[in-house]
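Input: a single structure, listed below in structure tokens.
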Amino acid sequence: MELRSFKLRLRDNHVRVVPKTDAQGCSFSGPGADLFGADATEAFRLAAPLVELLVSFEPGVTVRSIAVDLERPRLTATLDPTVPEADPRARVVRLDDGPMLRRLLDRADPVIDYLILAAARTLAARPALSEDS
């Protein structure tokens with residue numbers, strides 16, 4: 001299985017994984033996999049180096065979510081406002097190319113490896129759709 005994209009929703013303890021290929025290597029179709037509980041917690045643990053690198057660019061920020069598109073490649077992070085009294089809106093940081101994106105994606109390798117396994121397990125546990133559905 002290969003991944004197309006994933007989103008780590010740290011605030012919600014939820015991970016969304018969209019495969020590129022299925023377990024047999026065929027193009028994936030259908031809804032992606034949602035990870036909660038222990039699976040999400042483990043994904044966040046493995047993504048800690050990625051989050052830490054993001055925070056190192058602007059110390060003191062709180063990362064709400066990180067979305068990674070592995071096909072483009074692109075990383076989008078949503079950050080809590082740093083001065084909520086002045087502007088309560090969340091901020092979005094987007095990286096489309098360049099050395100900074102490569103540094104961040106290099107830090108994502110452990111979480112990507114885990115998400116492949118967790119998504120495959122989650123998708124395999126889904127009941128098969130019958131032709132009557």
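Note that the numbering runs from 1 along the sequence shown for the chain. As the structure is a prediction and not an experimental result, all values here were calculated from the model.
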Measure across [X] and [Y] and return the closest heavy-atom pair with its distance rounded to 0.1 Å.
X	Y	value
Ala119	Met1	CB-SD, 4.2 Å
Ser56	Pro59	O-CD, 3.8 Å
Ala43	Leu8	CB-CD2, 4.4 Å
Gly37	Asn13	N-ND2, 4.0 Å
Gly32	Pro19	CA-CD, 4.2 Å
Ser65	Lys7	OG-CE, 3.7 Å

Taking the side chain as C-beta and beyond, is there a heavy-atom pair between [X] and [Y] under 4.5 Å?
X	Y	result
Asp34	Thr122	no
Thr21	Ser27	no
Leu79	Val93	yes
Leu50	Leu104	yes
Phe44	Leu10	yes

Any carboxylate oxygen within less than 4.0 angstrom of a Lys/Arg side-chain nitrogen, looking at [X] and [Y]?
X	Y	answer
Asp80	Arg91	no
Asp39	Arg121	yes
Arg103	Asp106	no

Could you measure the distance from the [atom1] atom of [X] to the [atom2] atom of [Y]? Nearest 0.5 Å is fine.
X	Y	atom1	atom2	value
Glu2	Ile116	CD	CD1	7.5 Å
Phe28	Lys20	CZ	NZ	14.0 Å
Leu101	Arg94	CG	CZ	11.0 Å
Leu70	Leu75	CG	CG	9.5 Å
Leu46	Asp113	CG	CG	9.0 Å
Ile112	Arg107	CD1	CZ	13.5 Å

Are [X] and [Y] joined in one hydrophobic group, where the rule is that I, L, V, M, F, W and Y side chains link up if heavy atoms are under 4.5 Å apart?
X	Y	value
Val18	Leu35	no
Leu54	Val92	no
Phe57	Val51	yes
Val111	Phe36	no
Ile66	Met100	yes

Under 3.5 Å: donor-acceptor pair, side chain of Asp69, backbone of Glu71: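 Present.
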Hey, mind stepping through Arg16 and Phe6 against side chain to side chain contact (heavy atoms under 4.5 Å, CB included) and telling me if it holds? CA-CA 5 Å; Arg16 176 77 171 161; Phe6 63 92; over 6 Å; no
